[in-house]
Engineer: 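Here's a structure for you.
Every value quoted in this text rests on a predicted model; they were computed, and no experiment measured them. The sequence lines fix the lettering, A, B, ..., with proteins before strands; numbering per chain opens at 1.
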There are 2 protein chains.
Amino acid sequence: MTPKSKATIADVARAAGVSTATAGRVLGGYGYTSEEKKEHVLKAAQDLGYRPNALARSLITGKTRTLGVVAGDIQNPFYASVLRGISNVAEANGFGLLITNSDEARAKEVHSVELLAQKQVDGLIVTPSDTRKARHLHNLKAMGMPLVLIDRAVAGLMVDRVATDNIAAAEQAVRHLIAAGHRRIGIVAELVDEESGKLDAFLARAVAGDPIESETLYPSWQRLLGYIRAHRIEGLPVDPRLTLRAGSYSALAAQAVVSRLMTTPGQPTALFTTDGTMSEGAMRALTELKLSIPQDLSLICFDDLDWMSFHRPGITTVAQPRLAMGEAAARMLLERIRGEAFPPRTVLMPAELVERGSVARL
Amino acid sequence: MTPKSKATIADVARAAGVSTATAGRVLGGYGYTSEEKKEHVLKAAQDLGYRPNALARSLITGKTRTLGVVAGDIQNPFYASVLRGISNVAEANGFGLLITNSDEARAKEVHSVELLAQKQVDGLIVTPSDTRKARHLHNLKAMGMPLVLIDRAVAGLMVDRVATDNIAAAEQAVRHLIAAGHRRIGIVAELVDEESGKLDAFLARAVAGDPIESETLYPSWQRLLGYIRAHRIEGLPVDPRLTLRAGSYSALAAQAVVSRLMTTPGQPTALFTTDGTMSEGAMRALTELKLSIPQDLSLICFDDLDWMSFHRPGITTVAQPRLAMGEAAARMLLERIRGEAFPPRTVLMPAELVERGSVARL
DNA sequence: GATAATGGCGAGAACGTTCTCACATATGAG
DNA sequence: CTCATATGTGAGAACGTTCTCGCCATTATC
């Protein structure tokens, strides 16, 4: 009844008058046991309030039935949804979830991965914060740790991966704006990168139609690429003054660049934001400047946040299947943990353009 | 360099030419060791890519340096923020975080708690889904498991607890509406309860000014109580037709009741929503009915969600310190884990009314 | 009636750590 | 010189499970 203190298998065995081996068998459910002894053991376990110690079990089996996740920031709706997806399938399969935040910083990510590895998780789901320098992830793979990447890839790291088809999604969104008659379309993207001159070079190459290794690009660069492709396809020039780099994953930074964009001559008639945080920053800027959507500026966002549906006007946006992405990643990871050995898979999930009222026809 | 496969302390000891005891001492940092052997061991550990097995360590020390959390739903902004707060202090103290969702269902919560206990977490943070029936939590406490409750209390369970001062916060919000000249104020609250007749009885008692044991009330009931108190203080009658029960923690349910309220005679001039989900449901209803804030209806919400600041008009709301609540809970839990033994503490955090543009003066 | 296969059980060795000893050596005090 | 104290080391026992044996019955096979 009242589980006083911790009872072990040995205690249960003693109370039931059997060996620890037998008690272990019925409690662990892994060998032959007579109905009679089984009853005794179960009774004793019940009385003593026996609770198996997963630590000891894991130590010997080598399996913890725990998944590790290193997300960017749990508080961000994108990660929150992805995590919920992961959690759903983990729970359905009896797995626990060890969760950490990297804040998109490589050092914190390395630290997280180390913590999770020490705790002997059976597999790891990571949104890598650096698509180039990721020795810790390569090591993980070399040691045989099942690993699934979400949202981004790592150059040269052949592991399972699930992401949105960013280029196609962005291209569709921007072409939608062009089809509505817009010719000057701004884009606000995170676009972090060590080399600050990279944006111009990238623009030049993309506009020229040079082939670009897009797989290992950060999502915001991929979405920028989609933006450029849309322009190329529709025969529109890309004005570099309209490609805004926030430089960090922060709504404040986005607000600042959008504010500047809308208060200097040569304003766009439409704006494309490349993720939830950029969308929030843009909205703040527009509110501050008292600009009306879509009269003063049309808007298409990336990622469907709760408020976009009841905002007036409704915000047209590219909806990523966040929950499904998490679920898919978790499922793939569990398959690897079970030992299945296909070649590394990349699941590119389609995003859906949900049209609401934030785009004006010109 | 390249950590081929798992190296144990014994492997390192062998490579360094010392006993496992000595190797353990330098790697674990817990005894005397000469500088010379220390170097050898460290070198060997480096070469072999030694990574301590936290399972084995925990098994013998009895400490896992892992906190368990059972939240309602990670995807909900309230829980997402609280979790981030918990995560911040956990990380700063070198603790891992095992997270589960209860979806506010007792059965799932029991299951979660059992999982976390088996995994031998050092302590547990729970948002209990049932304030009365919680034997699993009583058991936990009886077994000496450090436990902190967030957002809600459990009748008769004397453990540390952190919550918002809901009654005071709601009272302040409603009085703000009354001061602005509103006389018919609606309230939308979750108000789940087994007995469906309870709302009327509760209303009758509260309006009469009968003393009510408010500590173990669900937050939505507490906020309703604050609403009633505000009316009493200001000498205003409470019209039961204006107290809306969504009945479940769902935006859809809230949308439905608000829709009905605003389309039947005797509409209120202001509305108070008691949590983020209710706010979202109310916003959907208002958008659907094309009602303008604050011209057609004034609004005060509970919990400051991202969009409320850039919505036009800005939404006046009661801001809970979600992050700080999580941090406080984690800090209290860590103190208990360290063995400090004050009597059970209740931390009631003040909420702040942030005034924006959703309240009209009548 | 011997041999083999099967069900049921217990002793004891794992798993990879930490921890308790006992013991060795060096240093300082009297 | 002797005793105490501090520093360093290794053997081996924990921790609470699972797993591999070997043993004993019982039943099936020829």
Engineer: Count the heavy atoms of every other residue, nucleotide or ligand shown that sit under 6.0 Å from NE2 of A:His136, and state whether that count exceeds 12.
Structural biologist: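 Correct, the count exceeds 12.
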Engineer: Roughly how bent is the helix from C:dG1-D:dC30 to C:dG30-D:dC1 end to end, in steps of 10 degrees, with each end axis from five pairs?
Structural biologist: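 One end's axis against the other's: 40°.
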Engineer: Contact boundaries of DNA chain D with chain A (under 4.0 Å, heavy atoms), 5' to 3'?
Structural biologist: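 The footprint of chain A covers D:dG16 to D:dT18.
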Engineer: Say you draw a straight line from OH of B:Tyr79 to OG1 of B:Thr127; how long is it, rounded to the nearest 0.5 Å?
Structural biologist: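 B:Tyr79 OH to B:Thr127 OG1: 4.0 Å, rounded to 0.5 Å.
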Engineer: Would you say A:Ser19 reaches C:dC9's phosphate, i.e. side-chain N/O to OP1/OP2 under 4.0 Å?
Structural biologist: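 No, because none of the side-chain N or O atoms of A:Ser19 sits under 4.0 Å from OP1 or OP2 of C:dC9.
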Engineer: Using 4.0 Å as the upper bound for N to carboxylate O, is an ion pair formed by A:Glu104 and A:Arg152?
Structural biologist: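 Looking at A:Arg152 and A:Glu104, the cut-off is met.
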Engineer: If you measure from the Lys or Arg side-chain nitrogens to the Asp or Glu carboxylate oxygens, is any gap between A:Glu109 and A:Lys133 under 4.0 Å?
Structural biologist: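 Salt bridge flag = no for A:Lys133 with A:Glu109.
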Engineer: Is it true that A:Arg345 and A:Glu335 make a salt bridge, defined as a side-chain N closer than 4.0 Å to a carboxylate O?
Structural biologist: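 Yes, A:Arg345 and A:Glu335 are salt-bridged.
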Engineer: Counting primed atoms plus P, OP1 and OP2 as sugar-phosphate and everything else as base, spell out the protein contacts along nucleotides 21-28 of chain C at 4.0 Å heavy-atom distance: B, S or - for each nucleotide, 5' to 3'.
Structural biologist: --------
Engineer: Starting from P on C:dC9, measure out to CD on A:Glu35 and report it in whole angstrom.
Structural biologist: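 Rounded to the whole Å, the gap is 10 Å.
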Engineer: Please identify each residue that fulfils side chain to side chain donor-acceptor pair (under 3.5 Å) with B:Thr346, with sequence neighbours left out.
Structural biologist: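 Partners of B:Thr346 under the side chain to side chain donor-acceptor pair (under 3.5 Å) test: none.
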Engineer: Is any side-chain heavy atom of A:Val113 closer than 4.5 Å to a side-chain heavy atom of A:Leu124?
Structural biologist: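 Yes; the side chains approach each other to less than 4.5 Å.
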Engineer: Measuring from atom NZ of B:Lys63 to atom CZ of B:Arg65, what distance do you get when rounded to the nearest 0.5 angstrom?
Structural biologist: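 Spacing of NZ (B:Lys63) from CZ (B:Arg65) equals 10.0 Å.
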Engineer: With A:Ser19, which residues qualify under side chain to side chain donor-acceptor pair (under 3.5 Å), at least two apart?
Structural biologist: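 Result, side chain to side chain donor-acceptor pair (under 3.5 Å) vs A:Ser19: A:Thr22.
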Engineer: From OH of B:Tyr32 over to P of C:dT20, roughly how many Å is that when rounded to an integer?
Structural biologist: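 About 14 Å, once rounded to whole Å.
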Engineer: For the CD1 atom of B:Ile74 and the CG atom of A:Leu83, what is their distance to the nearest 0.5 Å?
Structural biologist: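 Rounded to the nearest 0.5 Å, the CD1-CG separation comes out at 5.0 Å.
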Engineer: Charged N to carboxylate O below 4.0 Å: is that the case for B:Lys108 and A:Glu91?
Structural biologist: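 Counted as a salt bridge, because a side-chain N and a carboxylate O are separated by less than 4.0 Å.
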Engineer: Taking only heavy atoms on the protein side, list every residue of residues 55-64 of chain B lying under 4.0 Å from any atom of DNA chain D, sorted numerically.
Structural biologist: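 Listed by number, they are B:Leu59, B:Ile60.
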Engineer: By nearest nucleotide on DNA chain C, pick out whichever of B:Thr8 and A:Lys38 is the more 5' one.
Structural biologist: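 Whichever sits nearer the 5' end wins; that is A:Lys38.
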Engineer: Taking NZ, NE, NH1 and NH2 as the nitrogens, is one of them in A:Arg135 or A:Asp130 under 4.0 Å from a carboxylate oxygen of the other?
Structural biologist: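 Looking at A:Arg135 and A:Asp130, the cut-off is not met.
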Engineer: Indicate yes or no for a side-chain donor-acceptor contact from B:Asn53 to the backbone of B:Leu55 under 3.5 Å, with no hydrogens or angles considered.
Structural biologist: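 Pair found, side chain donor or acceptor close to backbone of B:Leu55.
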